[in-house]
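This report concerns only the one structure given below.
Every chain is numbered from 1, with letters handed out A, B, ... down the list of sequences. Values below: all heavy atoms of this structure, side chains included; hydrogens, waters and symmetry mates excluded.
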2 protein chains.
Amino acid sequence: MTIIDIARLSGVSKSTVSRVLSGAGNVSQEARDKVMAAVQESGFRRNDLARSLRSGRTGMIGLLIPDIANPFWADVARGAQDAADAEDISLLIFNSDWDPERERRHLQALTQSRVDAAIVNPVRDGLDDFLRFQIPLVLIGSSAERFPQLPSVGSDISQGVSIGLDRIVAAGLGMPALLVGDAERTARERFVAAVRAVGEAEGWPLDEMRLEDGQYTVEGGRAAMERLLKAGPPRVVFAANDLMALGALQAIRAAGLRCPEEVALLGFDGIPAAEVSTPALTTVGKPSREIGRQAFKLLNRKVTGQAEAPRLSLPCTLIERETLPRIDHPRAVGTG
Amino acid sequence: MTIIDIARLSGVSKSTVSRVLSGAGNVSQEARDKVMAAVQESGFRRNDLARSLRSGRTGMIGLLIPDIANPFWADVARGAQDAADAEDISLLIFNSDWDPERERRHLQALTQSRVDAAIVNPVRDGLDDFLRFQIPLVLIGSSAERFPQLPSVGSDISQGVSIGLDRIVAAGLGMPALLVGDAERTARERFVAAVRAVGEAEGWPLDEMRLEDGQYTVEGGRAAMERLLKAGPPRVVFAANDLMALGALQAIRAAGLRCPEEVALLGFDGIPAAEVSTPALTTVGKPSREIGRQAFKLLNRKVTGQAEAPRLSLPCTLIERETLPRIDHPRAVGTG
DNA sequence: TTGAAAGCGCTAACAA
DNA sequence: TTGTTAGCGCTTTCAA
């Protein structure tokens, strides 16, 4: 079934069929009706491959993220899909697993399938090879920093840390101990730097700040918290991510300590699991879905060539739950 | 950049370039070397669009699921991607949001982009329209039952219910109250039917079995459990999904009841959040990733035309955690 | 082992 | 408003 068959069935030329199918204006109503009838009857579907080959547009964009099974990235993907969907764009999704070799392979697949554009969370610097193809690109995630020449969208870690810390201060808890993951260097450093910046303004004794590194998992958080606990329980802990915070919460409770009365806890990310812990985890939520949505929009602007390399930093929001003491006499809590 | 450029650069014909790029055997080493050098130097990437148009294969498959941001479906997607990846197949992923109209639109996108095959969780009966395109299809999820003529893969609910119930019986808890969601009719009915089947064998007074319907969310589970509690706390509750179980757990604890000592609880699904609740939720885990993986494999068998319409029902596994009392004198727990 | 030539299904000048 | 024609970049006979 091709447009030639439809042309034959409806008694017009294939150009006219093409015009009808593309919604061109200059077609008589009569021709349009005949074509549509033939399409309906035959169940014909235009071959987008041929269309793309000719037109140079595929209507597909690539999305390269670390892991679709990770709730944060799944949410980013969903945001991008929702935005793409509204414009009839399809998404080709790949997982890099933080592995440069996979990234390279998938980037190659993206160029070969001639996606119109791509949204990428870069693992390493292997992007250079990709850039020569001039495919419109938007970077997402903290590692985007390494490519200042490219447009990107991410969450505003400084602002997130800031509202989190403000909340801790407002509760009268003082300088927190930090729980950080080893998954992403840049993310880790940004987190710590942001805490230090606020701490300096607050006049905290930053030399005495306790900082525990651990694996970026529930188990890693539990282990790191146990180490912290062994050296004497901190009054409040700020974890760089929710998974570790959840592990820390388990360690706190396992040690017979009450949260938030004895050890208060603040997470970072806003993953769904944080909602159902006991007590429910107070955390700084990243705008994951919005990141995906905005990344797509940025892409689109690039495609139509209206803008150049903007760097979006979307605000985080404080998700009030139960692991931080209530503020009885609320003091202003900044929003960044 | 096309193979014609490469042909020119390397001093051979474009046919030879094509042969080298496709790994055909009948090419001299000399020609191969020259072509590869030119490719390397120029950074040429074969246009898969043209290739697909000519060869009739796109190397892409479609995946149509309700919601990629849902941890179960994200995991299914990941399983499919892992399997696809191993064969250099790309995935075009769409979300139906359980909406027949979206499903229809995305199915159409799939046919137009000429995917080699598709994995679909059907929402309604709107698949009929799609079937005429003869695209190899594998169904996933409980609604696949409505299309007995199509190959499918899903989890074995009966077996999952059976091992869950065996575990409850082994703990000496007797007939459970049921918490079921309204999201999917077929899934709900299958769950209840499976419980009844086991209950009959156990000699339970099924007429007295308490069954509470609710929304398929944490909040829905909490509300349903509160209703159950109001009429007198059941000794054990079997929830048809983890989200509701987690809500139920909150209701149990809010009522000042101890879990599992006073009210024991068993979930169904195996979502990540169930791992970090307090107490951690004992649940029957669905083989989500394996479903995706097997769906892809089935697809592939269809593509190469070796098999006909198999229906895979993958076993669930009991995830022992803390909301069911320990079994001190373990009795055999069936595995289906 | 190689090259010439036809054509996959469509779009986009161009001419009528 | 319509049809004719020339490709888009590749694979695949076929003949050499």
Side-chain angles (χ1 to χ4, degrees), chain A residues 1-36 38-39 42-60 88 108-116 133-135, chain B residues 1-36 38-39 42-60 88 108-116 133-135:
Chain A
M1 262 291 159
T2 75
I3 54 171
I4 298 187
D5 298 305
I6 300 298
R8 198 164 8 230
L9 281 172
S10 51
V12 298
S13 75
K14 65 173 183 163
S15 314
T16 300
V17 175
S18 173
R19 289 190 189 101
V20 171
L21 261 27
S22 312
N26 50 347
V27 186
S28 68
Q29 189 59 44
E30 191 197 341
R32 190 178 305 276
D33 290 345
K34 282 190 296 188
V35 169
M36 290 313 279
V39 167
S42 62
F44 164 82
R45 293 274 217 278
R46 175 172 60 191
N47 186 331
D48 278 346
L49 245 36
R51 178 181 166 79
S52 301
L53 180 59
R54 187 64 237 245
S55 68
R57 269 193 82 251
T58 54
M60 299 191 306
D88 267 312
Q108 173 152 359
L110 286 181
T111 61
Q112 298 204 163
S113 50
R114 294 299 193 267
V115 292
D116 294 330
F133 295 103
Q134 311 268 38
I135 295 178
Chain B
M1 264 291 159
T2 75
I3 54 171
I4 298 187
D5 298 306
I6 300 298
R8 198 163 12 228
L9 282 172
S10 51
V12 299
S13 75
K14 64 173 186 165
S15 312
T16 299
V17 175
S18 173
R19 289 191 189 100
V20 171
L21 261 27
S22 310
N26 50 345
V27 187
S28 69
Q29 189 59 45
E30 191 197 341
R32 191 178 303 276
D33 290 345
K34 283 190 295 188
V35 168
M36 290 314 278
V39 167
S42 63
F44 165 81
R45 293 274 216 279
R46 177 172 57 190
N47 186 331
D48 278 346
L49 245 36
R51 179 181 166 79
S52 301
L53 180 59
R54 190 60 237 248
S55 68
R57 267 194 85 250
T58 54
M60 298 191 306
D88 267 312
Q108 172 153 0
L110 286 181
T111 60
Q112 298 205 161
S113 49
R114 294 299 193 264
V115 292
D116 294 330
F133 295 103
Q134 311 267 39
I135 295 178

Per-nucleotide protein contact along nucleotides 11-16 of chain C, 5' to 3', at a 4.0 Å heavy-atom cut-off (B base, S sugar-phosphate only, - neither), is BBB---

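Evaluation of the side chain to side chain contact (heavy atoms under 4.5 Å, CB included) rule for B:Q29 yields B:R32, B:D33 as partners, not counting sequence neighbours. When the side chain to side chain contact (heavy atoms under 4.5 Å, CB included) test is applied to A:S15, the partners found at least two apart in sequence or on another chain are A:S13, A:R19. The side chain to side chain contact (heavy atoms under 4.5 Å, CB included) test applied to B:T58 returns A:L49, B:S52, B:M60, B:R114, B:D116, not counting sequence neighbours.
Side-chain contact between B:V12 and B:V35: present, with at least one pair of heavy atoms (C-beta onward) separated by less than 4.5 Å.
At whole-Å resolution of the value, CG in B:L49 and C1' in C:dG7 are 16 Å apart. Rounded to whole angstrom, the span from the CZ atom of B:R32 across to the P atom of C:dT1 amounts to 9 Å.
Rounded to 10°, the angle separating the first-five-pair axis and the last-five-pair axis of the helix from C:dT1-D:dA16 to C:dA16-D:dT1 equals 30°.
No more than 12 heavy-atom neighbours from other residues, nucleotides or ligands sit within 6.0 angstrom of CE on B:M36.
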Listed pairs under 3.5 Å, donor-acceptor, residues 21-28 of chain A side chains, sequence neighbours left out:
| unit_1 | atom_1 | unit_2 | atom_2 | d |
| --- | --- | --- | --- | --- |
| A:S22 | OG | A:S18 | O | 2.8 |
| A:S28 | OG | A:A31 | N | 3.1 |

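Sequence neighbours left out, the pairs with a member in residues 2-15 of chain A that pass salt bridge (charged side-chain N to carboxylate O under 4.0 Å, His left out) are A:D5-A:R8.
Mapping B:L53 and B:V12 onto DNA chain C by nearest heavy atom places B:V12 at the nucleotide closer to the 5' end.
Note on A:N47: only backbone sugar-phosphate atoms sit closer than 4.0 angstrom, heavy atoms only; bases stay farther off.
Protein chain B touches strand DNA chain D; the 5'-most and 3'-most nucleotides with an atom under 4.0 angstrom of its non-hydrogen atoms are D:dG9 to D:dT13.
Rounded to the nearest 0.5 Å, atoms OG1 (B:T16) and CD1 (B:I3) are 10.0 Å apart. From B:F133, atom CZ reaches atom CG of B:L110 across 11.0 Å, with rounding to the nearest 0.5 Å.
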Criterion side chain to side chain contact (heavy atoms under 4.5 Å, CB included) on B:L53 and A:N47, from CA distance to verdict: CA-CA 9 Å; B:L53 180 59; A:N47 186 331; 4.1 Å; yes

